[in-house]
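This chain uses plain numbering: 1 for the first residue, then up along the sequence. Atoms within a ligand are numbered from 1 in the order they appear, just like the ligands themselves. From a predicted model like this one, the values you see are computed outputs, not experimental measurements.
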Amino acid sequence: MIHEILPVGPLQCNCSIIGDETTHEAMVIDPGDDIEDVLALVRKHNLEVKQIVITHAHIDHVGGAMKLRAATGAPILLNQNDYALLKMLDVQAAWIGVAPPGKVEIDHSLTTGETVSAGSHTAQVLHTPGHTEGSICLYFAPEKKLIAGDTLFAGSIGRTDLPGGSMQKIMRSLRDTVLSLPDDTIVIPGHGELTTIGEERQTNPFLTKG
Ligand SMILES: [Zn+2]
């Protein structure tokens with residue numbers, strides 16, 4: 001598995017480029033910004049982007065999706081419960097002081113029970129509402145990797161004070177879905193350092209109390 005993790009944009013969103021070494025098919029997850037740098041990595045590995053997957057519709061995760069779609073022709077996939085957030089990208093741009101990215105179109109909604117693939121590498125889609133209504137995680141079971149979006153961070157969890165956020169829902173998603181994964185699962189959060197499910201189960205203050 002080719003897996004490049006590139007922090008993009010002013011909020012340094014972890015954009016993942018996942019590719020199959022044999023078929024050269026790839027998916028890009030959360031291309032929030034810096035699409036030229038994303039495309040340089042795609043070319044470096046001689047990949048063909050087949051899917052653009054968005055963990056949730058915050059601007060730092062979705063802001064570059066249309067530019068990447070224009071460059072690759074790949075469809076943009078996002079859970080439909082975040083469509084409302086997608087309509088307020090101008091407002092989101094004002095929150096963090098960046099230029100509005102324009103309208104982002106979604107080609108297909110993703111939810112639990114579906115999968116996304118880059119050649120032979122397939123991830124289960126897990127709908128994990130709480131940070132936003134439409135937040136999803138991607139679980140690559142054979143590779144023991146979880147792309148967690150802003151649901152889980154090393155030592156913390158996603159904020160729930162923005163529109164569509166719910167502390168009750170994120171705690172339920174973490175307990176019922178995320179923590180049901182094996183301890184040796186590597187977690188790639190939406191921002192910051194990588195961690196594991198076991199590490200967070202034992203030491204994350206939001207998960208150890210109660
Ligand atoms: Zn977010």
Side-chain angles (χ1 to χ4, degrees), residues 5-18 27-35 38 52-68 76-106 109-112 116 123 125-139 145-175 177-178 187-195 200 204-207:
I5 301 168
L6 177 69
V8 295
L11 297 183
Q12 295 285 280
C13 163
N14 283 329
C15 172
S16 276
I17 299 157
I18 289 177
M27 74 172 80
V28 177
I29 304 159
D30 287 353
D33 203 346
D34 300 335
I35 298 306
V38 172
I52 300 165
V53 185
I54 311 297
T55 60
H56 65 291
H58 280 154
I59 189 169
D60 51 323
H61 295 256
V62 73
M66 289 299 274
K67 195 172 172 187
L68 185 60
I76 300 173
L77 316 179
L78 166 75
N79 181 269
Q80 62 183 1
N81 292 292
D82 266 3
Y83 285 3
L85 274 178
L86 207 58
K87 293 201 186 87
M88 46 184 292
L89 281 179
D90 290 4
V91 177
Q92 293 191 45
W95 287 344
I96 62 169
V98 300
K103 192 174 182 296
V104 176
E105 294 163 11
I106 297 304
S109 175
L110 282 178
T111 193
T112 299
V116 289
V125 175
L126 307 172
H127 182 211
T128 51
H131 175 63
T132 67
E133 282 288 342
S135 283
I136 59 170
C137 295
L138 300 180
Y139 178 45
K145 282 187 180 185
L146 181 76
I147 308 286
D150 286 358
T151 297
L152 178 63
F153 299 118
S156 189
I157 64 172
R159 59 190 290 186
T160 56
D161 58 327
L162 296 171
S166 161
M167 180 57 90
Q168 199 181 355
K169 285 184 183 174
I170 199 171
M171 291 312 297
R172 193 187 307 145
S173 292
L174 287 163
R175 287 202 195 98
T177 304
V178 176
V187 178
I188 298 97
H191 303 266
E193 296 298 311
L194 274 53
T195 182
E200 296 314 303
N204 189 312
F206 292 90
L207 305 179

Those residues at least two apart in sequence (or on a different chain) that pass side chain to side chain contact (heavy atoms under 4.5 Å, CB included) with Ala57 are Leu78, Asp82, Leu85, Leu86
Closest heavy-atom pair, Ile188 versus Ser16, reported as atoms and distance to 0.1 Å, is CG2-OG, 4.2 Å
Quick note, salt bridge (Lys or Arg N to Asp or Glu O under 4.0 Å) partners involving residues 53-66, not counting sequence neighbours, are none
In short, side-chain hydrogen bond (donor to acceptor under 3.5 Å, both in side chains) pairs touching residues 152-169 with sequence neighbours left out are Glu133-Lys169, Arg159-Asp161
| field | Parallel, tilted or perpendicular, as decided by the 30° and 60° cut-offs, for the rings of His56 and His61 | value | tilted
Closest non-hydrogen atoms of Cys15 and Pro31, given as atom of the first, atom of the second and distance, are SG-CA, 3.9 Å
For the Zn ion (ligand 1), protein N, O or S atoms at a distance below 2.8 Å amount to 4
